[in-house]
Amino acid sequence: MELFPAIVTERLELRLVAEADAAALRGFRGHPGAVRYLSHHPLTAGQTDRLLAELLVRAERSTADWFHYAWAVVLRSTGTVIGDARTWNTAEPPLPGGIPADFASLGYLIHPDHHGKGYGSEAAGALVRWLFTRRGTNAIYAGVYEPNTASRRLLEGLGFVQDHYFTAAQDTHGKGLASWRYRLDRAAWHLVEDD
């Protein structure tokens, strides 16, 4: 596995998830409000533990070209894990993914108890910076269900634009919701960063 330090922001630390984060992940991956607009329904403790094991294996198998990292979103003031995020360009490293190696995907989840405080924007913004400056990524995708207006505003605030629309009938995750794929190119990010 590629070794790299945690990402530290004003209020957060983002570090790779570890087995010790299992209880925290159970707390939000099983919370109906937290996963309302994710690609899965609330997970049981066993399902969450299996997901964590898969994420650890994906990180371990990640290479310089093909990667899949899960990040714990930690409040620096308390050390509490308040969410998780993912950056990836393949589902199963070291195998190539469905997008070019210099593209990536971004996902994030903050426990509802911590919504409305800007933590999602802070975490996502830090991972966007990491992908562009440390991974050499040229474009980032993020998928959002259409009714998730808070997440859409978050992405648009970071400079993402709508790239592709999927109808509710095209939803393959069982939520039955329309969604948008958002995209942020490196050149557009530089413009946002320079403002």
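Val17 and Val74 fall within a single hydrophobic cluster, where Ile, Leu, Val, Met, Phe, Trp and Tyr side chains are chained together by heavy-atom contacts under 4.5 Å. Both Ile7 and Tyr119 belong to a common hydrophobic cluster when Ile, Leu, Val, Met, Phe, Trp and Tyr are linked at side-chain heavy-atom distances under 4.5 angstrom. At a threshold of 4.5 Å between side-chain heavy atoms, the hydrophobic network of Ile, Leu, Val, Met, Phe, Trp and Tyr places Leu154 and Trp189 in one connected group. Follow the hydrophobic side-chain contacts under 4.5 Å out from Phe67 and you reach Leu16 in the same cluster.
Going from atom CG of Leu52 over to atom CZ of Arg50 covers 12.0 Å, rounded to the nearest 0.5 Å. Note that CZ of Arg11 and CG of Leu75 are 8.0 Å apart. Values are rounded to the nearest 0.5 Å. Here the CG-NE2 distance, from Leu38 to His40, works out to 5.0 Å after rounding to the nearest 0.5 Å. Here the CG-CG distance, from Asp102 to Asn138, works out to 4.5 Å after rounding to the nearest 0.5 Å. The distance from atom NE2 of His173 to atom OH of Tyr37, rounded to the nearest 0.5 Å, is 16.0 Å.
Among residues two or more places apart in sequence or in another chain, the salt bridge (charged side-chain N to carboxylate O under 4.0 Å, His left out) test is passed with Glu92 by Arg58. For Ser77, the side-chain hydrogen bond (donor to acceptor under 3.5 Å, both in side chains) criterion is met by no residue, not counting sequence neighbours. Every residue two or more places apart in sequence or in another chain that forms a ring pair (Phe, Tyr, Trp, His ring centres under 6.0 Å) with His164 is listed here: Phe166. Under the salt bridge (charged side-chain N to carboxylate O under 4.0 Å, His left out) criterion, Arg36 pairs with no residue at all, not counting sequence neighbours. The salt bridge (charged side-chain N to carboxylate O under 4.0 Å, His left out) check on Glu13 picks up nothing, with sequence neighbours excluded. With sequence neighbours left out, the side-chain hydrogen bond (donor to acceptor under 3.5 Å, both in side chains) criterion links Gln170 to Thr167. Partners of Arg181 under the salt bridge (charged side-chain N to carboxylate O under 4.0 Å, His left out) rule, at least two apart in sequence or in another chain, are Asp163.
Identified under the ring pair (Phe, Tyr, Trp, His ring centres under 6.0 Å) test for residues 76-106, with sequence neighbours left out: His68-Trp88, Phe103-Tyr141. For the salt bridge (charged side-chain N to carboxylate O under 4.0 Å, His left out) condition, the pairs that include at least one residue of residues 20-34, sequence neighbours left out, are Arg15-Asp21, Arg26-Asp49, Arg29-Asp84.
The side-chain heavy atoms of Phe132 and Leu184, taken from C-beta on, include a pair separated by under 4.5 Å. Contact check for Tyr69 versus Arg86: no side-chain heavy atoms found under the 4.5 Å cut-off. Between Leu12 and Thr9, the closest side-chain pair of non-hydrogen atoms falls below 4.5 Å. Looking only at side-chain heavy atoms (C-beta outward), Trp180 and Leu155 stay at 4.5 Å or farther from each other. In this structure, Val144 and Tyr182 have side chains that are in contact, with non-hydrogen atoms separated by less than 4.5 Å. Looking at Thr87 and Ser105, their side chains never come closer than 4.5 Å, going by heavy atoms from C-beta outward. Between Leu127 and Leu14, some side-chain heavy-atom pair lies under the 4.5 Å cut-off. Under the 4.5 Å side-chain criterion, counting only non-hydrogen atoms from C-beta, Arg134 is not in contact with Arg129.
Under the 3.5 Å distance criterion, the side-chain polar atoms of Arg183 are left unmatched by any main-chain donor or acceptor of Ile140. Proximity of a side-chain donor or acceptor of Asn89 to a complementary backbone N or O of Asp65 within less than 3.5 Å is detected.
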Original post:
Run the side-chain contact (heavy atoms from CB on, under 4.5 Å) check on Phe28 and Ile82 step by step: do they pass?
Top reply: CA-CA 8 Å; Phe28 41 81; Ile82 62 167; over 6 Å; no
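Taking both residues in full, the closest heavy atoms of Asp185 and Ala139 are given as OD1-CB, 3.3 Å, listed atom of the first, atom of the second, then distance. Heavy-atom minimum distance, Pro147 versus Leu177: CG-CD2, 4.1 Å. Taking both residues in full, the closest heavy atoms of Ala72 and Val81 are given as CB-CG1, 4.2 Å, listed atom of the first, atom of the second, then distance. When all heavy atoms are compared, the tightest approach of Gly176 to Asp171 is N-OD2, 2.7 Å.
Below 30°, between 30° and 60°, or above 60°: for Trp71 and Trp130 the angle between ring planes is above 60°, a perpendicular geometry.
Through side-chain heavy atoms spaced under 4.5 Å, either directly or across other Ile, Leu, Val, Met, Phe, Trp or Tyr residues, Val161 is tied to no other residue. Cluster note: Leu43 groups with Leu51, Leu55 through ILVMFWY side-chain heavy atoms spaced under 4.5 Å, whether in direct contact or through intervening members.
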With a cut-off of 3.5 Å and sequence neighbours excluded, list every side-chain donor-acceptor pair involving residues 106-117.
from   : atom 1 : to     : atom 2 : distance (Å)
Tyr108 : OH     : Ser151 : OG     : 2.5
His111 : ND1    : Asp113 : N      : 3.0
His115 : NE2    : Ile110 : O      : 2.8

